[in-house]
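Remarks on the structure that follows.
This structure is a prediction, so every number in the text was calculated from the model and none was measured. Every heavy atom of this structure was used, including side-chain atoms; hydrogens, water molecules and symmetry mates were not.
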Amino acid sequence: MTAAWLPKTDFSPFLRADFTDDEAWQELLDETGDDWVTVVTEPSHQDLSVHELMALVPEGSRYPVLVIADRVTFSSTERSLLLIDVLEEPGRTFRVLPDAFLSVIGNLAIDNVTFGDYLNTLDASGVHRLEDRHHQALAELQSHSQPSKPDSPSKP
């Protein structure tokens with residue numbers, strides 16, 4: 001089977017490259033959301049190498065990375081996603097955990113942080129993780145964004 005070309009879009013393609021567990025894929029999408037990405041579920045992309053995936057990027061594409069949910073994603077408890085550099089030095093890779101995904105993809109999309117910058121933040125296993133201070137800040141933001149419940153009416 002010939003692999004389908006990637007879409008011409010301003011948003012980074014988020015490719016499903018493993019089709020062994022539909023429920024796990026849906027859970028991953030629920031966890032990461034689809035901001036800053038174009039979700040692509042195409043069976044011909046299964047098990048393609050970085051080089052093969054890069055060959056499917058349309059000429060003139062402006063998105064910074066490809067996001068890949070591969071066998072590693074679905075076989076590990078952390079479910080790290082593979083990011084492939086498309087613009088700076090095409091073909092470089094690193095992995096990112098789902099809880100850090102939107103921050104990374106958003107910063108890359110607006111060119112606030114470069115792919116190379118993220119390469120300097122990886123742990124020994126080559127994964128970008130949020131630091132404890134980021135988790136604390138997110139928790140604080142989420143606690144403030146919860147709508148407060150109105151006081152219950154007092155009974156006479």
Side-chain angles (χ1 to χ4, degrees), residues 1-138 141-142:
M1 171 178 5
T2 303
W5 286 94
L6 298 176
K8 286 192 174 194
T9 173
D10 289 338
F11 297 111
S12 291
F14 183 176
L15 306 175
R16 181 178 182 184
D18 179 281
F19 290 81
T20 57
D21 190 338
D22 291 339
E23 187 176 323
W25 168 245
Q26 189 57 54
E27 288 172 3
L28 182 64
L29 288 177
D30 291 345
E31 184 176 359
T32 60
D34 61 1
D35 294 339
W36 300 105
V37 296
T38 299
V39 175
V40 179
T41 303
E42 170 56 55
S44 68
H45 296 149
Q46 181 162 326
D47 297 329
L48 294 180
S49 69
V50 169
H51 178 75
E52 291 167 323
L53 289 167
M54 290 297 299
L56 300 175
V57 174
E59 180 96 16
S61 293
R62 297 184 299 163
Y63 43 79
V65 294
L66 299 178
V67 181
I68 314 299
D70 58 8
R71 287 183 195 264
V72 173
T73 303
F74 295 110
S75 65
S76 72
T77 56
E78 291 190 312
R79 298 191 309 182
S80 66
L81 296 159
L82 179 67
L83 270 58
I84 304 172
D85 187 357
V86 173
L87 292 179
E88 289 179 46
E89 292 181 38
R92 295 185 299 175
T93 65
F94 71 87
R95 290 195 166 272
V96 62
L97 295 185
D99 67 350
F101 172 72
L102 282 179
S103 173
V104 170
I105 221 64
N107 277 308
L108 288 170
I110 64 171
D111 205 21
N112 188 45
V113 180
T114 67
F115 197 93
D117 292 336
Y118 280 112
L119 291 176
N120 294 324
T121 69
L122 306 180
D123 67 11
S125 64
V127 176
H128 174 75
R129 302 168 189 279
L130 291 180
E131 297 175 10
D132 286 339
R133 65 187 176 95
H134 294 119
H135 285 289
Q136 292 167 354
L138 285 171
L141 283 171
Q142 289 169 342

(request) Using the test side chain to side chain donor-acceptor pair (under 3.5 Å), find all partners of T41 that sit at least two apart in sequence or belong to another chain. (result) none
Which atom names give the shortest non-hydrogen contact between [X] and [Y], and what distance separates them?
{"X": "P90", "Y": "L87", "answer": "CD-O, 4.2 Å"}
{"X": "A24", "Y": "R79", "answer": "O-NH1, 4.0 Å"}
{"X": "W36", "Y": "A109", "answer": "CE3-CB, 3.3 Å"}
{"X": "S44", "Y": "A4", "answer": "OG-N, 2.9 Å"}
{"X": "D21", "Y": "D18", "answer": "N-OD1, 4.4 Å"}

(request) Please work out whether the ring planes of F14 and F101 are parallel, tilted or perpendicular, with thresholds of 30° and 60°. (result)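 F14 vs F101 ring planes: tilted.
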(message) Can you tell me how the ring of F94 sits relative to the ring of F115, calling it parallel under 30°, perpendicular over 60° and tilted otherwise?
(response) tilted
Within the structure provided, determine whether [X] and [Y] are in side-chain contact (heavy-atom separation under 4.5 Å).
{"X": "D85", "Y": "L119", "result": "no"}
{"X": "L97", "Y": "S80", "result": "yes"}
{"X": "Y63", "Y": "V57", "result": "yes"}
{"X": "F19", "Y": "W25", "result": "no"}
{"X": "I84", "Y": "L53", "result": "yes"}
{"X": "L15", "Y": "L6", "result": "yes"}

Starting at [atom1] of [X], measure out to [atom2] of [Y] and round the result to the nearest 0.5 Å.
{"X": "T32", "Y": "L29", "atom1": "OG1", "atom2": "CG", "answer": "5.5 Å"}
{"X": "L81", "Y": "L28", "atom1": "CG", "atom2": "CG", "answer": "5.0 Å"}
{"X": "I105", "Y": "L83", "atom1": "CD1", "atom2": "CG", "answer": "5.0 Å"}
{"X": "E59", "Y": "W5", "atom1": "CD", "atom2": "CH2", "answer": "9.0 Å"}
{"X": "E88", "Y": "D117", "atom1": "CD", "atom2": "CG", "answer": "7.5 Å"}

(request) Report the C-alpha separation of R16 and D22 in whole Å, then their side-chain angles, then the decisive distance to 0.1 Å, and conclude whether the salt bridge (Lys or Arg N to Asp or Glu O under 4.0 Å) test is met. (result) CA-CA 10 Å; R16 181 178 182 184; D22 291 339; 2.7 Å; yes
(request) May I ask you to decide if P58's main-chain N or O and S61's side chain share a donor-acceptor pair within less than 3.5 Å? (result)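 Such a contact is found between S61 side chain and P58 backbone.
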(request) Can you tell me which residue pairs pass the side chain to side chain donor-acceptor pair (under 3.5 Å) test with a partner in residues 64-76, sequence neighbours excluded? (result) D47-R71, D70-T73, D70-R95
(message) Quick one, Y118 with V96, criterion side-chain contact (heavy atoms from CB on, under 4.5 Å). Give me CA distance, side-chain angles, the key distance, then yes/no.
(response) CA-CA 10 Å; Y118 280 112; V96 62; over 6 Å; no
(request) Give a yes or no on whether E23 atom CD has more than 12 heavy-atom contacts from other residues, nucleotides or ligands under 6.0 Å away. (result)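 12 or below, so no.
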